[in-house]
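Reviewing the structure listed below.
Numbering starts at 1 and runs along the sequence shown.
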Amino acid sequence: PLNENAAKPMKVGISASGIDLKKLQPFMVLFASFPQDMEISGTAESDLLISSEKDTYSFRTESTKIKKLKLLSPQQEPFFQEEVLFVFDGDYNPAEASWAIRELLLTGPDIKIKGDFEKSVDGNSTKLQGQADLEYSLAGVSEVFSQFLPEGLEMAGKTEHKIEFGAQYPTGQTNKLMANLNGKANLGFEKAGYMGLDFGPTEVDIQVEKGLMKIAPFSTTVNNGQLNFAANADFNQQPTLLETPGPIEIIKDIQINDRTTKQLLMYVNPIFANAVNVSGIANFACEKLAIPLAGVNNKEIEVIGTISVNQLRLQASDLLGEIFSLIGAASTGGQSITIQPTRFVLRDGFLQYDDMQMDIGDNPVNFKGVIGLDKSLNMTVTLPYTLKGGTVRVYEKTAGERISLSLKGNLDKPELDTGKLLEDVLEKEVKTQLKKVLEDLFK
C-alpha cells in the first residue's frame, strides 16, 4: 500500500512499460468524477517521478504513452484510442482520498484535454472543482457523455470549448455529485442526428447552478428548415428530465424523410407505418416537452403540442392505400396530402388527439384516438362520405353524419375494419331514426 512509508520522505524515478491502468490507482484520479460503473483499460509506458511527504504523494510524468485506451460503460459503445500522450503533475493523499491535479494534458487522435482539477475531503464533505480546455471529435467521445444526453443523439465533427465546474457533496456519495454541481460551458457541434433530424452547426450555452442545468435559447438549421430550442434539467430529480421552459415553436418548415417517419411520424399517424419515399414540410409548435436524459422509459416522455404537414407524399403505406381505394383517389405516390394543424398529447406511453384532418386532394379524412409507443392502436377513421351516400369536400359544409371505421391490428400492420362497416352504418341509421321518432313524440 502507498501509505506504509508515508511518514518517510522519498523521491524515486520509475521507467516502466506494460503498466495496467486497472491496477495503477494513482493514475485513476483523473477519472474520479466518472460513473462508478465505467471500466478503464489500457497499457502505459512511462517515465514517472514519485515523491512523498507525510501522507501525500506527488506524481510527475512528461513522457507517458497510453496504448489502447478504452472507456467502457454498460450498454454503450466503448470510447477507444489507439494511443494517447499523457502529461501529469499532481498530488494524491490516499488516507483522505483527496487529490490535486496542477497540470493535465491528454492528447490523442480524437481528443485533447488541458486542465487542472482538485478533490478535497473534509470529514463528511467532499469538494470537487476544476476547469478544462477541450478539443475533441464528437463521434469519438459522445458515448462517454451519453449519461448527460438524450438516448439516440449522435454528434459528429470536431469542437473545442472550455468547461468550469465545482461541486460539494456528501463524502462517499458520488451519486449526489450532479445534484450539487455548479458550472458553465459553451458546447457545440458541426452536425448531429436525432430521431431522423439532421442538425447543422450549432453553439449552445449551458449553465448549471446547484444541480439545475439551463440550456440558453438557440436556433439552428435542421432538415433544410429551422429548429428553436431551450431547456432545463434538474439533476436533483430522478429520473432527470430535459424539459422546455415554456411554449416554443421547435420545428419550422423542416423536410421530413423516411428516417423521421420510422422514428417519429409513425407514432403520430398510422398511415406512416411501413411508408417509404416520404417527403413533405412539417411544423411543430410545442407547449411542453420532457425527455429523460438517460435510460429512456417511454412512460416518462411527455410532449404536448401542435403538428402540421404540407406537401406530403408517400408510398407503400398499406393503410393509406386502403383509404385511397375507398375514396377513389389516385395512387398514394402521386397524391399530395395536407395534415391540418392538430393538437396532441403524448403521456404515459400513449399519444392521443381528438381530430387530425388529412386532406387528400379535396377529400377530408379524419383520424381520432390513441397510438401507443408500444405500437398499439385504438383509433377510428372518418371517411368523406355521409350515411346518406353523399360525398364531403374540404370546401363544403358537411350535410349529415359521416361514415367512420375502426382500425384493427397495430402499427406494424394497421388495417381498416371494413367487416363492421355495414353493422356500424345500420346502427347509426337506427339511432338517427329513433331520435327523429322521439323528437316527433315530444313536439
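Using a distance-only test at 3.5 Å, with no hydrogens or angles considered, a donor-acceptor pair links the side chain of Thr171 to the main chain of Gly123. A side-chain donor-acceptor contact under 3.5 Å links Glu322 to the backbone of Leu416. A donor-acceptor contact shorter than 3.5 Å is absent between the side chain of Asp116 and the backbone of Ile101. A side-chain donor-acceptor contact under 3.5 Å links Asn274 to the backbone of Asp412. Of the possible donor and acceptor atoms, none in the side chain of Asn269 sits under 3.5 Å from a partner among the backbone N and O of Leu265. Panel note: side chain Thr221, backbone Gln226; no donor-acceptor pair is recorded below 3.5 Å. Distance alone, capped at 3.5 Å, places no donor-acceptor pair between the Tyr267 side chain and the Phe350 backbone. Under the 3.5 Å distance criterion, the side-chain polar atoms of Ser317 are matched with a main-chain donor or acceptor of Ile271. A donor-acceptor pair is defined here as one N or O able to donate and one able to accept, closer than 3.5 Å; such a pair exists between the side chain of Thr342 and the backbone of Gln340. Under the 3.5 Å distance criterion, the side-chain polar atoms of Asn182 are matched with a main-chain donor or acceptor of Lys210.
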Please determine whether salt bridge (charged side-chain N to carboxylate O under 4.0 Å, His left out) holds for the pair Arg102 and Asp91, giving the CA-CA distance in whole Å, both sets of side-chain angles, and the decisive distance to 0.1 Å.
CA-CA 8 Å; Arg102 291 179 292 275; Asp91 299 330; 2.6 Å; yes

Derivation of the side chain to side chain contact (heavy atoms under 4.5 Å, CB included) call for Phe165 and Val208:
CA-CA 8 Å; Phe165 65 90; Val208 184; over 6 Å; no

Take Gln315 and Asn277 through the side chain to side chain donor-acceptor pair (under 3.5 Å) test and state the conclusion after the steps.
CA-CA 6 Å; Gln315 295 178 345; Asn277 298 328; 2.7 Å; yes

Salt bridge (charged side-chain N to carboxylate O under 4.0 Å, His left out) between Glu287 and Arg343, worked out
CA-CA 10 Å; Glu287 299 173 33; Arg343 186 178 186 272; 2.8 Å; yes

Could you walk me through whether Gln168 and Ser125 satisfy the side chain to side chain donor-acceptor pair (under 3.5 Å) test, starting with their C-alpha distance in whole Å, then the side-chain angles of each, then the deciding distance to 0.1 Å, before giving a yes or no?
CA-CA 7 Å; Gln168 189 165 346; Ser125 179; 2.9 Å; yes

Kindly determine whether Glu302 and Lys288 satisfy salt bridge (charged side-chain N to carboxylate O under 4.0 Å, His left out), including the steps that lead there.
CA-CA 7 Å; Glu302 183 174 7; Lys288 181 179 181 180; 3.2 Å; yes

Should Val303 and Phe344 be marked as a side chain to side chain contact (heavy atoms under 4.5 Å, CB included) after you check the CA-CA gap, both sets of side-chain angles, and the distance that decides it?
CA-CA 8 Å; Val303 183; Phe344 69 86; 4.0 Å; yes

Residues Met356, Asn366; criterion side chain to side chain contact (heavy atoms under 4.5 Å, CB included); working and verdict:
CA-CA 6 Å; Met356 176 175 283; Asn366 297 75; over 6 Å; no

Checking Arg259 against Asp198 for the salt bridge (charged side-chain N to carboxylate O under 4.0 Å, His left out) test, could you report, in this order, the C-alpha distance in whole Å, the side-chain angles of both residues, the deciding distance, and whether it holds?
CA-CA 10 Å; Arg259 286 183 298 147; Asp198 296 320; 2.4 Å; yes

Criterion side chain to side chain contact (heavy atoms under 4.5 Å, CB included) on Gln131 and Lys162, from CA distance to verdict:
CA-CA 7 Å; Gln131 60 179 7; Lys162 186 171 185 176; 3.8 Å; yes

Verdict with supporting geometry, Arg393 and Asn363, side chain to side chain donor-acceptor pair (under 3.5 Å):
CA-CA 5 Å; Arg393 304 298 184 189; Asn363 296 295; 2.6 Å; yes

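Note that CG of Leu264 and CG of Leu197 are 6.0 Å apart. Values are rounded to the nearest 0.5 Å. Between Ile111 atom CD1 and Leu134 atom CG the span is 6.5 Å, to the nearest 0.5 Å. Interatomic distance, Glu300 CD to Thr240 OG1, rounded to the nearest 0.5 Å: 10.0 Å. Here the CG-NZ distance, from Asn236 to Lys176, works out to 10.5 Å after rounding to the nearest 0.5 Å. Note: Asp205 CG to Lys214 NZ = 13.5 Å, rounded to the nearest 0.5 Å.
Between Thr391 and Tyr385 there is a side-chain heavy-atom pair separated by less than 4.5 Å. The shortest distance between side-chain heavy atoms of Ile66 and Leu85 does not fall below 4.5 Å. Using a 4.5 Å heavy-atom threshold, the side chains of Pro364 and Val394 count as touching. Two residues are said to be in side-chain contact when any heavy atoms from C-beta on lie closer than 4.5 Å; Leu105 and Lys112 meet this criterion. Looking at Leu181 and Phe235, their side chains never come closer than 4.5 Å, going by heavy atoms from C-beta outward. Residues Ile254 and Leu227 form no side-chain contact, since every pair of their non-hydrogen atoms from C-beta on lies 4.5 Å or further apart. At a threshold of 4.5 Å between non-hydrogen side-chain atoms, the residues Ile339 and Leu312 count as touching.
Minimum interatomic distance between Leu351 and Leu346 (heavy atoms only, all atoms of both residues): N-CD1, 3.8 Å. Shown here for Phe189 and Gly200, the closest heavy-atom pair between the two residues is CE1-O, 3.5 Å. Nearest heavy-atom pair, Gln129 versus Lys127, reported as atom, atom and distance to 0.1 Å: OE1-CE, 3.4 Å. Nearest heavy atom pair, residue Ile250 against residue Cys286, reads CD1-CB, 3.5 Å. The two residues Phe367 and Met379 come nearest to each other via the heavy atoms CB-CE, 4.0 Å. In terms of heavy atoms, Ile360 sits closest to Leu320 at CD1-CD1, 4.1 Å.
With hydrogens and angles left out, the side-chain atoms of Asn228 and Glu249 include no donor and acceptor closer than 3.5 Å. Thr382 and Ser404 are linked by a side-chain donor-acceptor pair at a separation below 3.5 angstrom, with hydrogens and angles left out of the test. Between the side chains of Ser406 and Thr380, no donor-acceptor pair of N or O atoms lies under 3.5 Å. In this model, no donor atom of one side chain and acceptor atom of the other lie less than 3.5 Å apart for Gln255 and Asn257. Between the side chains of Asp253 and Asn283, at least one donor N or O sits under 3.5 Å from an acceptor N or O.
Counting heavy-atom neighbours within 6.0 Å of Asp122 CG, excluding the residue itself, gives a total of 12 or less. Counting heavy atoms of neighbouring residues, nucleotides and ligands inside a 6.0 Å radius, atom CD of Glu209 does not exceed 12 of them. Residue Lys408 qualifies as enclosed at atom NZ: its count of foreign heavy atoms under 6.0 Å is above 12. Heavy atoms of other residues, nucleotides or ligands lying less than 6.0 angstrom from CD of Gln311 number 12 at most. Counted within 6.0 Å of CD on Gln207, heavy atoms from surrounding residues, nucleotides or ligands total 12 or fewer; the atom is thus considered open.
The aromatic rings of Phe218 and Phe229 sit perpendicular, their planes meeting at an angle over 60°, well past the 30° parallel limit.
For the side-chain contact (heavy atoms from CB on, under 4.5 Å) with Ile337, the lone residue among Asn310, Leu314, Val309, Val365 that qualifies is Leu314.
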